[in-house]
Participant: 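Quick one: this structure, given as structure tokens, is what I'll be asking you about.
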Amino acid sequence: MLVMVNDHSRRLRLALLANATVSSMCAIGLLGWAPDLETHIPLPASAQYGLAAGLLVFVTWLVWQATRPAVDLRDALSTSLADGLWVLGSAIIWGWWSDASSPLGAALFLGVAGAVGLVGGLQLAGIGYAIAERDPSLGTRNRHALTVDVDAPPDSMWKVIADLPGIHRYAPDITSSTMRTADAPGLGAVRACTNARGQRWAEQCTDWVPGERIALRFLANEPGFPFPMNPMLGGWVVQGSGRDRARVTVWWSFTTKPAWAGVFIVPLMAGSLRRSFIPVIQAMAAQARRHAAAESTPADHAA
């Protein structure tokens, strides 16, 4: 199974590698000059060695994030928050140490805090760039997509996805899904869903190309809409990717409320969507294979 996410993460990768460079330099400095630094900052050499070891572990984590096929936005956000805590902790500690440090120690201490704050800010900017994909036609600022290759014929996969009220059979978190309109699934039809937490929302079909794609606009202005996005749209795309194989893309296009909070909301949402929708697509593929087998049986007997 191949899993991909939309990846506009070059700036974020560079910011993570810049963080790794700053952290590596700090670790090397602590390991190489701990006894000398002890005369400038009130931190024993043994503690400096421990801090250097921790920084090297952090560097490994940063490099791993930056070189993965797809950057995990949640990990990148955690890294930026950790950098923010470093800067905050530095400010608090400086209140205790300022009188006990030499001018050189003060310069080093404050310089490191500034550098960490800078790379942390660059990482947040990189996250913002990675999730930014304006669509004037939809009125949205952000987009996230997940693509999975499955062992199922595309036409059978389409039939499962096109059964809009049947989504609850494959998504454990959705307890009910019904058609609000009397029309069969198709352009203009409205699907209403309820999840295990009792949250309710509805989606109206705005694009319907049989065998290829579906687009749904979430009715975000209805009372009790549970997601911090408005507008919010989503959809499914089915493509053939080989003999009896399908490539399924599920996508979301939205603007977060408030818009500036997207760098925090989207990484958390992206991790949740990946965990929840990959099993959903796999369950749909299993049903599609059963449909395909059932449809081929009469022909096999006739032969």
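Basis for what follows: all heavy atoms, side chains included, without hydrogens, waters or symmetry-related copies. For this chain, numbers begin at 1 and follow the sequence in order.
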Participant: Suppose we screen for salt bridge (charged side-chain N to carboxylate O under 4.0 Å, His left out). Which residues come up paired with R217, at least two apart in sequence or across chains?
Facilitator: none

Participant: Side chains of E203 and W201: do they bring a donor and an acceptor to under 3.5 Å?
Facilitator: yes

Participant: Please work out which of the three classes, parallel, tilted or perpendicular, describes the rings of F264 and W260, given edges at 30° and 60°.
Facilitator: perpendicular

Participant: With a 4.5 Å limit on heavy-atom distance, are the side chains of I167 and M284 in contact?
Facilitator: yes

Participant: Please determine whether the number of non-hydrogen atoms from other residues, nucleotides or ligands lying under 6.0 Å from atom CZ of F225 exceeds 12.
Facilitator: yes

Participant: Should R274 and R74 count as side-chain neighbours, where that means a heavy-atom distance under 4.5 Å?
Facilitator: no

Participant: Quick one: does L124's side chain get under 4.5 Å of L77's, heavy atoms only?
Facilitator: yes

Participant: Which residue pairs satisfy the side-chain hydrogen bond (donor to acceptor under 3.5 Å, both in side chains) criterion with at least one member in residues 218-229, sequence neighbours excluded?
Facilitator: R180-E222, N221-N230

Participant: Can you tell me if R200 and T194 form a side-chain donor-acceptor pair at under 3.5 Å?
Facilitator: yes

Participant: Does some side-chain heavy atom of I161 sit less than 4.5 Å from a side-chain heavy atom of I214?
Facilitator: yes

Participant: Considering only heavy atoms from C-beta outward, does the side chain of H144 approach that of I131 to under 4.5 Å?
Facilitator: no

Participant: Counting neighbours of CH2 on W61 that are heavy atoms of other residues, nucleotides or ligands and sit closer than 6.0 Å, is the number greater than 12?
Facilitator: yes

Participant: Answer yes or no: is there a side-chain heavy-atom contact under 4.5 Å between L31 and Y49?
Facilitator: yes

Participant: Verify the distance criterion only: is there a donor paired with an acceptor across the side chains of Q65 and T79 at less than 3.5 Å?
Facilitator: yes

Participant: Tell me if the CE atom of M179 is crowded by more than 12 foreign heavy atoms within 6.0 Å.
Facilitator: yes

Participant: Indicate yes or no for a side-chain donor-acceptor contact from R13 to the backbone of R68 under 3.5 Å, with no hydrogens or angles considered.
Facilitator: yes

Participant: Measure the shortest side-chain to side-chain distance between V238 and P154 over non-hydrogen atoms and say whether it is less than 4.5 angstrom.
Facilitator: yes

Participant: Please identify each residue that fulfils salt bridge (charged side-chain N to carboxylate O under 4.0 Å, His left out) with R289, with sequence neighbours left out.
Facilitator: none

Participant: Between F227 and W252, is the ring centroid distance below 6.0 Å?
Facilitator: no

Participant: Answer whether the closest heavy-atom distance between the side chains of L62 and S23 falls below 4.5 Å.
Facilitator: yes

Participant: Using a 3.5 Å distance criterion without hydrogens, assess whether the side chain of Q48 forms a donor-acceptor pair with backbone atoms of A34.
Facilitator: yes

